[in-house]
Each structure stands twice: as structure tokens, then as C-alpha cells.
2 protein chains.
Amino acid sequence: MGKCEQCIIKQFNSLKALTKDELVRISGCKTSRTIKKGEVIFEEGETLNGVYCVKDGICKLSKLSENGKDQIVKMVVKGQLLGQRSLISEEASNLQATALNDMEVCYIPKSEIFADLQKNSKFSMEVLKDMAHDLRDSDDIIVNMAQKSVRQRLAETLVYISDSFGTNPDGTLSVLLSREDYANIVGTATESAIRVLSQFKKEGLISTVGKYIKIENSAGLKRIE
Amino acid sequence: MGKCEQCIIKQFNSLKALTKDELVRISGCKTSRTIKKGEVIFEEGETLNGVYCVKDGICKLSKLSENGKDQIVKMVVKGQLLGQRSLISEEASNLQATALNDMEVCYIPKSEIFADLQKNSKFSMEVLKDMAHDLRDSDDIIVNMAQKSVRQRLAETLVYISDSFGTNPDGTLSVLLSREDYANIVGTATESAIRVLSQFKKEGLISTVGKYIKIENSAGLKRIE
DNA sequence: AATTTAATATGATATCTGTCATGTTTTATT
DNA sequence: AATAAAACATGACAGATATCATATTAAATT
């Protein structure tokens, strides 16, 4: 099993602020785990007793709405931490995490990391910054949801996914989402998401290779209003 | 000018985690200020060099959308801190703050409080919890925006405002918002907000006393779907 | 390979919401 | 008090989106 001290993944998250000693200690109590595509990592209302450090893959964080739809609030990729917020607030999770890919994660028990949060101010500052950033993102999402059309939101989502999670060698988006997932990010009916994507295809803004989507005209997508 | 050590307001926010010494020091460099209703406290893009501790009154945090609407993202009342996030992320504010009432605030320079954030882990944990809570709220707002109707959102907003900010002796909501404000919270056109409120009135769910709104049937509002 | 199931696609229609127009009431200003 | 300006209200209509129905295609299972 890999050692945290040597793990390059931590460069991308708050764990980089930990000292070598702290990392060695955490390394001793962490557990590595593989999560299969579609598997639920934790559910809404579940109490988390630690955080996940995502070594590979991607997952969605979603919240069930009263009308039965599963609104996707955020996506967490390789390099990021999962479950930070619940850890800090010491409340049950308000979101469900589901793997979108096969994932590799390390699970770090709360007991270990919580102590570091209080002792190592560099670490807590990093976590603070992380959350400040998430809050800013949330504000943007709220404004988009409230003020933009489904067409606009979907166009922006495609560009966001491309920019944030990258593309395959053939130019298709590396994250494979169902039309239902797209609908649940954008906050619309699955049929509407399908319709808009078909429209984008007709307009030459995107193309599809099997289930994969390729952005053909990024500027065009950004121009939509 | 009041002293932070003796100020009861701090009980309601993270500042309560500061030591007496830290409070005395902050007290020495803070500035008290009165802000008039309608006044802009800080603008989107402005760099904040401190945080505001709200001693009295209420303000809205909003973000201008591309279509010219000013989406209200959060309201900050007496007892809460304003500008925490920008302080932590060390970025310009992504939101505008505007007073909804006459307000009384204390302004604490960044230099002072930033040091405490790194030295006093109890304080930084409080701020962390605060932000974790805000993030949870944001998730709920996103889901509401994405999945609920204007009618539902407006009903929930009325109940939220009543529960969070209280009522006057005659039962009217103590926070006085324009119909445009309601529209900007809910994310709809001003005319739509007006229409829905008129509808609520016809249905006996609310009544109005001048510009003030009184909830007549809270259960009814919660039942809307 | 055949069958079942799930995902994608598209049409028809109803509903919701935004926009524009216009009128009324309230508030601010002279 | 008179006037101007802002806020509130409501109708008419258009456009966006949800819902329901029904194909079609792709993926999973037997």
C-alpha cells in the first residue's frame, strides 16, 4: 500500500499542508479502496467518520429533491477531498456521493485528521480556502440556475466539464455522463436535456462518438444566450 | 465606542472563540460605523481589507447576472460576520452587499483577524463550521432553484424570512423587502413575484399591512407544491 | 443469438414563466 | 399641496420547459 508521504495526489489538496510526521501517521491508519462505477460511496443522511482522498476517477455529489430528481451539486475528481464538509460540521452528510468512473480512494478516519485540523494552522487555512472557493462556486451556480435558460446552462456545463476534467485523445469529453446526469446537473427534465443536446448537434456545436460528446465549437457554446 | 470584550453580539458568531487578549487587541483597531438603508457596503469585485461584524440591521448579498438581474444569494443579519469568505480566499468579493435596514457594524481590519485565524485554532474551527454551514445552505438553494416552481420558492422564502429574521408585534415580517427583492431571491421576474404574492393574498395565505407582509397560514405555505 | 431492459430520441400538448403594455397606488421631492 | 418618480398591480401574449406518449437504439442478461 502506498505511503501518504510519497503520494503525489496530495499536492492537489489541503493535505499538502501537513507535515511529514503527520502524513506518516495518517498513512498508518488510512485504508485504500476501489469503488466501482455507479457505486454509492455515501448516502444523504449518512454519518461520515472520515474523508476520502480521491486518487483516481470521478464522482458526483447529489441531493434528492422532493419531486424525485437527484440534483447534482458538485463533481469531485482525482486529487480532491470528499466529505470535508460533513467532517467539519460534524453533521450527517447532506449529499449523496456516487462514482461516475471506477475510482481509487484513500479513506482517512476522522479521528486522525480532526486533530491535525486543530494543531496545524497551515492545514486548516488550506481547508478554509478550499471551502471559500466552493462557496464562491455555489454562488455562481445559484445565479446560473436562477437567471439562465436550460440551453445556456447546458452549454456552460459542457464547457465546464471539458475545461475541468479534460478530454480524451480524440477530443471527446473524458467524463462520460448519461443524459439524465446532464439533466440533473442543469436542473431540467431528462427529455429537455436530450432535446437541447440534439439541437447543439444539429447546430454543429457538438458531435457524438458513441456515448461520448465532443465539443466542436467551444466559442459558439460560450456565445449562447 | 464599545469594547469587543464586552460586546454581546460576538456570542452569535465565530468571534466568540477569541481570547480576551485577542478581543482587546481587535477592539483597539476596529471602527464602528452606521450604514443607511440602501447603501452599498461593498461591491462585486471590490477587495475587502477586513470583515464586518453586524451589530444591528440586515443586508443582502447579491451577484449581478448577465441579464441585468441582481440575484440575492444570502442575507446577513445582526450577529453575523460579513465578508469572511473574501477575507479567507484573499480574493476580491464575488458579491455585493447592500443594507436593507439602517445598520450598525464594526469593521475589523484584515491584518488583525488574519493573524488570529492562524494562531487560534478554536477560532479557525468556528469559521470553518460557519462556512460548512453556509455551504450546506447553498446546496439547498441550488436544489430549490433547479427543481421547484416560483410559487414554491416564494412560499419557502416567506417562511424562511419569518423563521430566520422574525416578526413585528403585529405579526408582519420584520424584514421589509420590495417585490423586486423577493423576485431577486427567488430568481424570477418582478412581475411574477408580484403576481404570486397577489395570489397568496387571494388564497388567504398572507395578508399585507401597507408594505409589510404577514403570514396568515404558515402550514398552507409549506404545503404548496 | 435472442430477449429483456435501459438509454436515447422525438412529437404533441399543457403549463409555467417572462416580457411588454398600461394603469394604479405609494413614496419622494419640489 | 402639487408634482414627479418609484413601486405595485394586472392583462395579454409569446416563449420556454415539463409531461406524457411512443419510437428507436444501445446495453445487459439469459
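The analysis underlying the following values was restricted to heavy atoms, covering all of them including side chains, and did not include hydrogens, waters or symmetry mates. A, B, ... follow the sequence lines: proteins, then strands. Residue 1 opens every chain.
- Distance, A:F200 CZ to C:dA9 P: 14 Å, rounded to whole Å.
- Put simply, A:S198 has a side-chain N or O that comes within less than 4.0 Å of OP1 or OP2 on C:dT10.
- A straight line from CG of B:N67 to P of D:dG15 spans 18 Å, rounded to a whole angstrom.
- Around atom NZ of B:K110, more than 12 heavy atoms belonging to other residues, nucleotides or ligands sit under 6.0 Å away.
- Partners of B:S65 according to the side-chain hydrogen bond (donor to acceptor under 3.5 Å, both in side chains) rule, which considers only residues two or more places apart in sequence or in another chain, are B:N67.
- For A:K16, the NZ atom counts as densely surrounded, since its 6.0 Å shell holds more than 12 non-hydrogen atoms of other residues, nucleotides or ligands.
- For the pair A:I194 CD1 and D:dT22 C1', the interatomic distance rounds to 13 Å; values are reported in whole Å.
- An angle of 50°, rounded to 10°, separates the two end axes of the helix from C:dA1-D:dT30 to C:dT30-D:dA1, each defined over five pairs.
- Residue pairs meeting the ring-ring contact (aromatic ring centres under 6.0 Å, His included) criterion with at least one member in residues 161-180 of chain A, sequence neighbours excluded, are A:Y160-A:F165.
- With a 4.5 Å cut-off on side-chain heavy atoms, A:T208 and A:K211 do not count as touching.
- The stretch residues 168-185 of chain A does not touch DNA chain D, since none of its heavy atoms comes less than 4.0 Å from the strand.
- Judged as a ring-ring contact (aromatic ring centres under 6.0 Å, His included), the pairs with a partner in residues 76-109 of chain A (not counting sequence neighbours) are, in order, A:Y52-A:Y107.
- Annotation for A:E66: atom CD does not count as buried by contact number, only 12 or fewer foreign heavy atoms lying within 6.0 Å.
- Of the candidates A:T188, A:I72, A:L158, A:V196, A:L158 is the only one forming a side chain to side chain contact (heavy atoms under 4.5 Å, CB included) with A:Y182.
- Atom pair A:Q199:CD and C:dT8:C1' shows a separation of 16 Å (rounding to whole Å applied).
- Contact of the A:M75 side chain with the A:L61 side chain is not registered, since no non-hydrogen atoms from C-beta on lie closer than 4.5 Å.
- Rounding to whole angstrom units, CG of residue B:L197 and C1' of D:dA7 are separated by 13 Å.
- No more than 12 heavy-atom neighbours from other residues, nucleotides or ligands sit within 6.0 angstrom of CD on A:E225.
- C:dA7 atom C1' lies 13 Å from atom CD1 of A:I213, rounded to whole Å.
- Across the protein-nucleic acid pair, A:K37 atom NZ and C:dA7 atom C1' stand 12 Å apart, rounded to whole Å.
- In A:E156, the CD atom is crowded: over 12 heavy atoms of neighbouring residues, nucleotides or ligands sit closer than 6.0 Å.
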What string of B, S and - do you get for nucleotides 14-30 of chain C, 5' to 3', if B is base contact, S is sugar-phosphate-only contact and - is no contact with any protein heavy atom under 4.0 Å?
-> ---SBBB------S---
